[in-house]
Amino acid sequence: MGTPDYVLRMRKHIGHDLLWLPSVSALVHNDAGEVLLGRRADDGRWSVISGIVEPDEQPATAVVREVREETGLHVEPERLCCVTNHPHRYPNGDRCVFLNLGFRCRLVGGTARVNDDESTAVGWFTPDRLPPLDGHARLVIAQGLVAHGDTWFAAPGEPCGPLTGSP
């Protein structure tokens with residue numbers, strides 16, 4: 001789907017300045033123990049499937065929608081695995097910090113395929129054979145691989161991670 005209309009409207013007023021946005025990420029696992037990754041169209045990096053939560057949308061609904069839009073797969077959220085700030089700079093210069101909710105999701109159905117213009121490839125990877133990933137994707141994967149457990153969050157006073165994406 002790309003950038004939500006409400007974000008594009010805000011960008012008309014603030015340009016590339018920093019935005020604080022709610023987002024979700026999915027650690028999707030299958031019965032073979034593999035995890036789903038998508039290759040981002042904007043910077044070519046592999047990552048977990050992620051996206052912006054729309055106004056008035058529940059985060060669990062957003063993660064199901066994002067996975068379906070980007071990969072064609074149907075998933076069911078099993079648990080919230082992590083909550084973190086995720087700074088990002090896009091190739092066009094837009095800066096944002098996402099308040100990201102990472103969900104462990106179970107595959108329900110469908111066949112993984114590139115389903116929109118946000119990804120150039122999607123694929124299943126075993127946890128011991130992952131492509132290079134940024135710190136945010138590694139965190140979501142590490143916390144999402146735990147079937148049952150506490151939700152991870154940064155300790156009080158711990159700084160936000162480094163800005164990812166283009167310099």
Side-chain angles (χ1 to χ4, degrees), residues 1 3-4 19-54 57-90 95-108 110 112 114-116 118-156 158-166:
M1 179 177 130
T3 306
L19 279 177
W20 173 256
L21 296 169
S23 69
V24 292
S25 293
L27 179 278
V28 180
H29 66 95
N30 63 20
D31 291 339
E34 299 166 316
V35 297
L36 179 71
L37 299 176
R39 184 176 285 240
R40 298 173 56 97
D42 61 356
D43 62 16
R45 292 179 300 119
W46 285 97
S47 190
V48 291
I49 306 303
S50 300
I52 298 171
V53 179
E54 297 280 350
E57 184 178 40
Q58 290 290 341
T61 302
V63 78
V64 170
R65 175 184 54 76
E66 286 292 342
V67 172
R68 186 184 65 250
E69 285 177 359
E70 294 185 26
T71 71
L73 294 173
H74 300 282
V75 299
E76 179 178 282
E78 295 178 318
R79 73 177 188 87
L80 183 64
C81 59
C82 57
V83 177
T84 185
N85 285 342
H86 174 53
H88 192 78
R89 181 187 313 258
Y90 287 93
R95 294 181 311 126
C96 60
V97 174
F98 294 109
L99 172 59
N100 187 263
L101 305 175
F103 286 87
R104 175 184 166 96
C105 296
R106 180 178 64 84
L107 177 64
V108 175
V114 174
N115 207 42
D116 68 7
E118 293 183 54
S119 298
T120 60
V122 294
W124 292 99
F125 296 84
T126 59
D128 61 340
R129 294 192 166 246
L130 297 172
L133 299 166
D134 68 18
H136 174 258
R138 287 192 308 270
L139 172 69
V140 174
I141 291 169
Q143 297 305 314
L145 286 174
V146 178
H148 303 284
D150 293 334
T151 301
W152 181 93
F153 55 90
E158 191 172 312
C160 201
L163 194 67
T164 61
S166 313

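Here the structure is a predicted model, which means the values were calculated and not measured. Only heavy atoms go into these numbers, but all of them, side chains included; no hydrogens, no water, no symmetry mates. Position 1 is the first residue of the sequence, and the numbers go up from there.
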Taking all non-hydrogen atoms of both residues, which atom of [X] and which atom of [Y] are closest, and how far apart?
X	Y	value
V140	C82	CG2-SG, 3.9 Å
H148	V146	O-CG1, 3.0 Å
V63	A26	CG2-CB, 3.6 Å
E70	S119	OE1-OG, 3.9 Å
L130	V35	CD2-CG2, 3.8 Å
H88	D43	CE1-OD2, 4.2 Å

Let me confirm one number: the [atom1]-[atom2] distance from [X] to [Y], rounded to the nearest 0.5 Å.
X	Y	atom1	atom2	result
T120	R40	OG1	CZ	10.5 Å
R138	S47	CZ	OG	10.5 Å
I141	L133	CD1	CG	5.0 Å
I49	L37	CD1	CG	7.0 Å
L101	L80	CG	CG	5.5 Å
L73	N115	CG	CG	8.5 Å

[X]: what forms a side-chain hydrogen bond (donor to acceptor under 3.5 Å, both in side chains) with it, not counting sequence neighbours?
X	value
D128	T126
S23	N100
N30	E34

(message) Atom CD of residue position Q58 - does it have more than 12 heavy atoms of other residues, nucleotides or ligands inside 6.0 Å?
(response) no

(request) Carefully, step by step, assess V67 and F103 under the rule side-chain contact (heavy atoms from CB on, under 4.5 Å). (result) CA-CA 11 Å; V67 172; F103 286 87; over 6 Å; no

(request) State which residues pass ring-ring contact (aromatic ring centres under 6.0 Å, His included) with W152; sequence neighbours excluded, sorted by chain then number. (result) none

(message) Show, in sequence, the C-alpha distance, side-chain angles and deciding distance for V97 and L21, and conclude whether the side-chain contact (heavy atoms from CB on, under 4.5 Å) test is met.
(response) CA-CA 6 Å; V97 174; L21 296 169; over 6 Å; no

(request) Provide the full list of salt bridge (Lys or Arg N to Asp or Glu O under 4.0 Å) pairs with a residue in residues 71-85, sequence neighbours left out, each pair given once. (result) E76-R106, E78-R104

(message) Ring-plane angle category for F125 and W46, please: parallel below 30°, perpendicular beyond 60°, tilted otherwise.
(response) perpendicular

(request) Would you please test W20 and N85 for side-chain contact (heavy atoms from CB on, under 4.5 Å) and show each step? (result) CA-CA 9 Å; W20 173 256; N85 285 342; 3.1 Å; yes

(request) Apply salt bridge (charged side-chain N to carboxylate O under 4.0 Å, His left out) to R39 and list each qualifying residue two or more places apart in sequence or on a separate chain. (result) none

(request) Check whether any side-chain heavy atom of V83 sits under 4.5 Å from a side-chain heavy atom of L99, and report yes or no. (result) yes

